[in-house]
Amino acid sequence: MSPVLLRSLCLLTLYLTIGYGQEGKFSGPLKPMTFSIFEGQEPSQVIFQFKANPPAVSFELTGETDNIFMIQSDGLLYYVRALDRETRATHHLQISALDAQGATVEGPVPITIEVKDINDNRPMFLQSKYEGSVRQNSRPGKPFMYVNATDLDDPATPNGQLFYQIVIQLPNVNNVMYFQINNKTGEISLTQQGSQELDPVKNPSYNLVVSVQDMGGQTENSFSDTASVDINVKENIWKAPEPVEIEENSTAAHPLKITQVQWNEPGAHYSLSDRDKLPVLPFSIDQEGDIYVTQPLDREKKDSYTFYAIAKDENGKPLAFPLEIHVKVKDINDNPPTCPFPVTVFEIQENEGLGSSIGTFTASDMDEKNTINSILKYKIVAQTPQIPTDGLFLVEEYTGKLQLAKQALKKRDTPQYNLTVEVSDPGFKTSCFVQINVIDINDQIPIFEKSDYGNVTLSEDTAVGTIILTIQATDADEPFTGSSKILYRIIQGDSEGRLGVDTDPQTNRGYVTIKKPLDFETAAFSNIVFKAENPEPLVSGVTYNASSFASFKLILTDVNEAPVFSQDVFQAKVREDVAINTKVGNVTARDPEGLNIRYSLSGDTRGWLKIDPVTGEIFSVAPLDREAESVYQVQVVATEVGGSSLKSTSNFHLTLMDVNDNPPRLVKDYTGLFICHPLTAPGSVIFEATDDDQQSFRGPQFTFALGSENLKNDWEVSKINGELSKLY
């Protein structure tokens, strides 16, 4: 049997098996159609059965058949070899219907065969080995190189979708990946750790093994390929420059280049950012990374600047961290010395020895400290008055320390000196003015006008505040200073502090005044000794002597005085049921003149108490009743026996403590209260009780009861609370 006949028989069998003999899905009239067929399928596959309409009796196939597609005379379209999408993805065919003579009666009609992809191609890297380089500290995630692979399968299907990944990184420091790859594009960039830790000194190069898979890397049946990537790590040139020094007040043309920054790759856009938010930043940067100062700087206004240089890509995204730029303004000697005050005042005590320090005169200079421009020299160029001689003072050349150069000064001779001090730096001189006041020292002691002020006789009842004597001392030191002010102090004869001395600050006169009541019985005669002294200490070698002391004799005359109680109020406490003639308290008094005293009571309105006239003991003479008076108050009178029979009084308060000596009682009298008999209608009345004793003796509540047995048959008592009861 011939091959053509065998193929026809096979197609006929397939045709009959799948039902192409019937009008339907796989057969129909001649019309434009599109068919989709997976590549790689077995050949001799039926595509469609076209039906001819008379007078058509056969069909003709033309177009991109590639000797793969055939049509039988009965309209059966089929292909004889497996399709390959990568060879031709779409076949454009034409079918015509012919009559018996071979003439076209219909068509040609376009027929499109779309070859559907299967995963029959593996991805392939364009290179087996790639080489690239990256700067240390490059921005993480920014690609610095690419790897590329291709796959002949349809990229619109998973068969042609590629997935990149890094399989190996060598060296692998602490199992940390320094590199990352974009799974879809093959872009290689640094990780965050790589950006921070890559160091060409430690590891100048790295090797990566990169794989690519089709099917998006999602199935075990996907194809893959690998490539080697060698990466050279270059030193980062995006580094902060060394600090810059700029001389202040430069006369050079501006802007003036001072330093430069440079990104690792061309094309960066540079800008500056001010850290201190100045109104105007006197610096600029061009797109080559050159940094300029735009105007002369003044160190005395601002001695340093700190700002940031920023590099961005074409989209305005920062390429790396900003660089900190430090600029120091270098000083020049453009400021003269300045005086601390229009006139600087010092003081020196008279009689100070040669070389004594007066003080330190300190001028200032706005130029940079600890440089030649701010080192100052001091020199005295004038002194007034020149009494007793010129050159009384000297100044240390570099410290400004003023000293006494010659003889000791006397305030009475010249109380004040004025100096002109020349202060200079290497380029300027300034005249400053210094005033030196000579201060009196306390080298004179107070001297009393007389040492004995005689006798002062007073009655002992002289009023407090009375001035009893005026004393006077003088001091030769400078008036109205601590050296000449005089304070008087009683140092003997008044241990009780009954006297005091007030000083008039204008005259230094002292007024002896009574500060506490005098007492003839305690001290009838006193020898009072004063000391006159200054609040400022005396200079060394000078001491107070007898001239600074004075005295007088104080003589008191006796005055008959009333007895004096030891207390203003005497208090005692007893139970209210204490027995009669029980001692309940006592009082004491004394007579300043030592006379005997008799005690008596006044205001004993209830007649409860009596007092022993000699001892002052107080006794009960009648029953006490707390409920009548809880605190019993009487007055005690002390009368001197003999003399003028003077009297004085005090108070005695007796607190009575309660006892349970009172029965409960009804609050009011209920006698005559009319209550109807409860035969026809119920009725009630409320009784309230109390107790005159304190709460602690009442108990928690009262008990109520009817007093007559006859009433109990008709009435009943119930409690409302501890003090109320209801009868009904």
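All figures in this text were calculated on a predicted structure; none of them were measured in a lab. Just the heavy atoms: all of them, side chains too, but no hydrogens, waters or symmetry mates, feed the values below.
- Looking at every heavy atom in both residues, Leu162 comes nearest to Pro123 through CD2-CB, 3.7 Å.
- The side chain to side chain contact (heavy atoms under 4.5 Å, CB included) test with Ser228 singles out one residue from Asn207, Val209, Val210, and that residue is Asn207.
- At most 12 heavy atoms of other shown residues, nucleotides or ligands fall within 6.0 angstrom of atom CG in Asn174.
- Each of Asp120, Asn119, Asp117 was scored for a side chain to side chain donor-acceptor pair (under 3.5 Å) with Asn159, with one residue passing: Asp117.
- A donor and an acceptor atom, one from each side chain of Tyr178 and Glu197, are located under 3.5 Å apart.
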- Query: Yes or no on side-chain hydrogen bond (donor to acceptor under 3.5 Å, both in side chains) for Thr157 and Asp154, after CA distance, side-chain angles and deciding distance?
  - Reply: CA-CA 6 Å; Thr157 69; Asp154 187 357; 4.7 Å; no
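- Counting only distance, with no hydrogens or angles, the side chain of Ser273 and the backbone of Tyr308 share no donor-acceptor pair below 3.5 Å.
- A donor-acceptor distance shorter than 3.5 angstrom exists from the side chain of Gln218 to the backbone of Gly216, with no hydrogens or angles considered.
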- Any chance you could lay out the side chain to side chain contact (heavy atoms under 4.5 Å, CB included) test for Leu297 and Lys302, step after step, and finish with the verdict? CA-CA 8 Å; Leu297 305 180; Lys302 188 169 179 61; over 6 Å; no
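- Nearest heavy atom pair, residue Gln49 against residue Leu76, reads OE1-CD1, 3.4 Å.
- Judged purely by distance below 3.5 Å, without hydrogens or angles, the side chains of Asn236 and Asn264 pair a donor atom with an acceptor atom.
- The pair Glu397-Lys377 counts as a salt bridge, with a side-chain nitrogen and a carboxylate oxygen less than 4.0 angstrom apart.
- With respect to the salt-bridge test (charged N to carboxylate O, under 4.0 angstrom), the residues Asp313 and Lys142 do not qualify.
- Taking both residues in full, the closest heavy atoms of Pro140 and Ser195 are given as CD-OG, 3.5 Å, listed atom of the first, atom of the second, then distance.
- Nearest heavy atom pair, residue Ile181 against residue Tyr164, reads CD1-CB, 3.7 Å.
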- Message: Show, in sequence, the C-alpha distance, side-chain angles and deciding distance for Thr62 and Gln94, and conclude whether the side-chain hydrogen bond (donor to acceptor under 3.5 Å, both in side chains) test is met.
- Response: CA-CA 5 Å; Thr62 58; Gln94 296 85 37; 3.3 Å; yes
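- The backbone N or O of Ile291 lies less than 3.5 Å from no partner atom in the side chain of Tyr270, so there is not a single donor-acceptor pair.
- Here the CD-CG distance, from Glu235 to Leu198, works out to 13.0 Å after rounding to the nearest 0.5 Å.
- With hydrogens and angles left out, the side-chain atoms of Glu114 and Ser36 include a donor and acceptor closer than 3.5 Å.
- Glu64 places a side-chain N or O within 3.5 Å of a backbone atom of His92 that can act as its donor or acceptor partner.
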- Message: Please evaluate residues His254 and Thr294 with respect to the criterion side chain to side chain contact (heavy atoms under 4.5 Å, CB included), reporting the C-alpha separation (whole Å), side-chain torsions for both, the decisive distance (0.1 Å), and the verdict.
- Response: CA-CA 5 Å; His254 287 76; Thr294 58; 5.8 Å; no
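- Within the 4.5 Å cutoff, the side chain of Cys432 has heavy atoms near those of the Phe361 side chain.
- Remark: side-chain polar atoms of Asp153 are paired, donor with acceptor, to backbone N or O of Asn121 under 3.5 angstrom.
- Applying the side-chain contact (heavy atoms from CB on, under 4.5 Å) criterion to Glu248, with sequence neighbours excluded, gives Asp298, Arg299, Glu300, Val329, Asp331, Ile332, Asp334, Asp367.
- The main-chain N or O of Gly217 is never found under 3.5 Å from a side-chain atom of Asp214 such that the two would form a donor-acceptor pair.
- Side-chain atoms of Arg88 do not come within 3.5 Å of backbone N or O of Val115 as any donor-acceptor pair.
- Other residues, nucleotides and ligands place no more than 12 heavy atoms under 6.0 Å from the CD atom of Glu288.
- Between Ile310 and Trp238 the shortest heavy-atom distance is C-CH2, 4.1 Å.
- Aromatic ring pairs are classed by plane angle as parallel below 30°, tilted from 30° to 60° and perpendicular above 60°; the pair Phe35 and Phe50 is perpendicular.
- To the nearest 0.5 Å, atoms CD (Glu39) and CG (Leu83) are separated by 8.0 Å.
- When all heavy atoms are compared, the tightest approach of Met145 to Tyr130 is CE-CB, 3.9 Å.
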